[in-house]
There are 2 protein chains.
Amino acid sequence: MPKDATAPAPRPMRADARRNYNRVVAAAETVIAEHGAEASLEEIARHAGVGSATLHRHFPTRQALLEAVFKSRVEALCAKAHDLLSDPDPGTALVTWLRAVGAHAVANRGLGASLMRGARHGGPTLGNTCHTMIVNAGDELLARARQANAVRPEASIVQLLKLVSAIALATEEEPDGPTQADQLLDLALDGVRLHRTSRPHK
Amino acid sequence: MPKDATAPAPRPMRADARRNYNRVVAAAETVIAEHGAEASLEEIARHAGVGSATLHRHFPTRQALLEAVFKSRVEALCAKAHDLLSDPDPGTALVTWLRAVGAHAVANRGLGASLMRGARHGGPTLGNTCHTMIVNAGDELLARARQANAVRPEASIVQLLKLVSAIALATEEEPDGPTQADQLLDLALDGVRLHRTSRPHK
DNA sequence: GCGATAACCGGAGGGCCACCCCAGTTATGG
DNA sequence: CCATAACTGGGGTGGCCCTCCGGTTATCGC
């Protein structure tokens, strides 16, 4: 089965089409890493050796292209979430995963914004697959943590992800982005957890 | 050549110039409230009944325009910070103020982004007056709270403001933005405070 | 009150970009 | 091997940001 996202390709997509598709994704990857998520689509097309029309045909919206670029990373994060489900400490597992999400969002410029944008346009049409994948993966972790009384029960996974994305969005394209993001996450996520013991003097 | 952003005009600025200046600021206010901080400058000029050149002459950069638009609100926030300095509970005062900052940032689309952008371009040249004003005002509140052991000592005011701005940025242009922002702030700011007593079972 | 002058105004134009249309080209199935 | 359907990319449109330049107007010294 072709690795097509949502359509079970009735036509298996012509060879050159798939070739150009891959070229565009590769070019987008490098250009976005260089210039951020607001990079010029034409520059991506140029860098891929492809006309702008081709790019727009394969990816009718910028969001669609971002989804394709970040798909592998999102899948990795979902896999990590699955692994962490067997962690002995549900609360720490959740926080660890959220930090990983934040780290990825900071490292891959624009991922954070991409994840957030997914929430809008409620329609399940397209463009929000990254968002839903992450939400589903994280929801299991949160449910387990909540069951163990390790987190504030009123926090939803959407809120938590939005918080993480916001921090990533705010610190990306800063000189010391990763450091700042880490500190901010430390501050913010600490408020999410429930510390039944009195807080250590640290 | 006096680069006056706020300078006390050696030449008192011609009457029509000031008139157009005010018109542009007023137009920007409404257009930004409608379309966000990324609104088209030409549309602002159009809405003000003014050529685009006039807009660019008065405000050489978008940031300069945003500064002018948000100046009054920022001043109000600084005044509020000053008032809260006499609040009996330093920790609560700080959190109250940060929530107020967040509320303003959400209400006035683009203010959050504007506040953050100020941090960059380290130069004290221009465009970061809003940022420095807010930072200075908040720093006093934070210092007092820290002295009272009411907050985690490693949190800096820049970090806290960045956190608040990030949340505002993430929730603005959402249908239920203010509500979400409030919940997220609740989550995030709780991690900032130091609860010397063991946390209530709540 | 009245020119001279300096400041101000806004339309025109250049460069860049997202997006669409259409004729040429190429892979694919009978 | 060829008919056909799908894919391609150059060119066009409209929008944006920003700058230059000739015309206009407020302001100051007389």
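Letters go in sequence order (proteins before strands), and every chain restarts at 1. These figures come from a predicted structure and were not determined experimentally.
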For B/A45 against B/S52, the heavy-atom pair lying closest together: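 Result for this residue pair: CB-CA, 4.0 Å.
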Quick one: [atom1] on [X] to [atom2] on [Y], what's the gap to the nearest 0.5 Å?
{"X": "B/L142", "Y": "B/Q147", "atom1": "CG", "atom2": "CD", "result": "11.0 Å"}
{"X": "B/L141", "Y": "B/R146", "atom1": "CG", "atom2": "CZ", "result": "12.5 Å"}
{"X": "A/D139", "Y": "A/I134", "atom1": "CG", "atom2": "CD1", "result": "12.0 Å"}

Bend across the helix from C/dG1-D/dC30 to C/dG30-D/dC1, to 10°, with axes taken over 5 pairs at each end?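 Rounded to the nearest 10 degrees, the bend comes out at 10°.
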Would you please name every residue forming a side-chain contact (heavy atoms from CB on, under 4.5 Å) with [X], sequence neighbours left out?
{"X": "B/A181", "result": "B/V106, B/I167, B/T171"}
{"X": "B/E140", "result": "B/L85"}
{"X": "A/T30", "result": "A/H47"}
{"X": "B/A100", "result": "B/L77, B/K80"}

Phosphate contact (D/dT8 OP1 or OP2) by A/H58 side-chain N/O below 4.0 Å: yes
Using a cut-off of strictly less than 4.0 Å, decide whether B/N20 has a side-chain nitrogen or oxygen near OP1 or OP2 of C/dC8. no
d([atom1], [X]; [atom2], [N]) in whole Å:
{"X": "A/Y21", "N": "D/dG9", "atom1": "OH", "atom2": "C1'", "result": "20 Å"}
{"X": "B/R18", "N": "C/dA7", "atom1": "CZ", "atom2": "C1'", "result": "15 Å"}
{"X": "B/L55", "N": "C/dC8", "atom1": "CG", "atom2": "P", "result": "15 Å"}
{"X": "B/H35", "N": "D/dG15", "atom1": "NE2", "atom2": "P", "result": "14 Å"}
{"X": "A/R23", "N": "D/dT8", "atom1": "CZ", "atom2": "P", "result": "11 Å"}
{"X": "A/R19", "N": "C/dT25", "atom1": "CZ", "atom2": "P", "result": "17 Å"}

Listed by chain and number, what are the ring pair (Phe, Tyr, Trp, His ring centres under 6.0 Å) partners of B/H58, not counting sequence neighbours? B/Y21
Of all residues at least two apart in sequence or in a different chain, which pass the side-chain hydrogen bond (donor to acceptor under 3.5 Å, both in side chains) check with A/D83?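 Expected list: none.
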Enumerate the residue pairs fulfilling salt bridge (Lys or Arg N to Asp or Glu O under 4.0 Å) with a member in residues 20-41 of chain A, sequence neighbours excluded, ordered by first and then second residue.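 Pairs touching residues 20-41 of chain A that pass the test: A/E29-A/R73.
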Which atoms of nucleotides 2-4 of chain C (N or O only) lie under 3.5 Å from a protein N or O atom, and what are those distances?
none

Would a distance-only check, ignoring hydrogens and angles, find a side-chain to backbone donor-acceptor pair under 3.5 Å from B/R144 to B/L94?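 Checked: no pair found.
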Base-contact (B) and sugar-phosphate-only (S) positions in nucleotides 24-30 of chain D, heavy-atom cut-off under 4.0 Å, - elsewhere: -BSS---
Can you give one letter per nucleotide of nucleotides 11-21 of chain C, 5' to 3': B if a protein heavy atom sits under 4.0 Å from the base, S if only from the sugar-phosphate, - if neither? BB----SBBBB
Sequence neighbours excluded - side chain to side chain donor-acceptor pair (under 3.5 Å) pairs with any residue from residues 93-102 of chain B: B/R99-B/D182
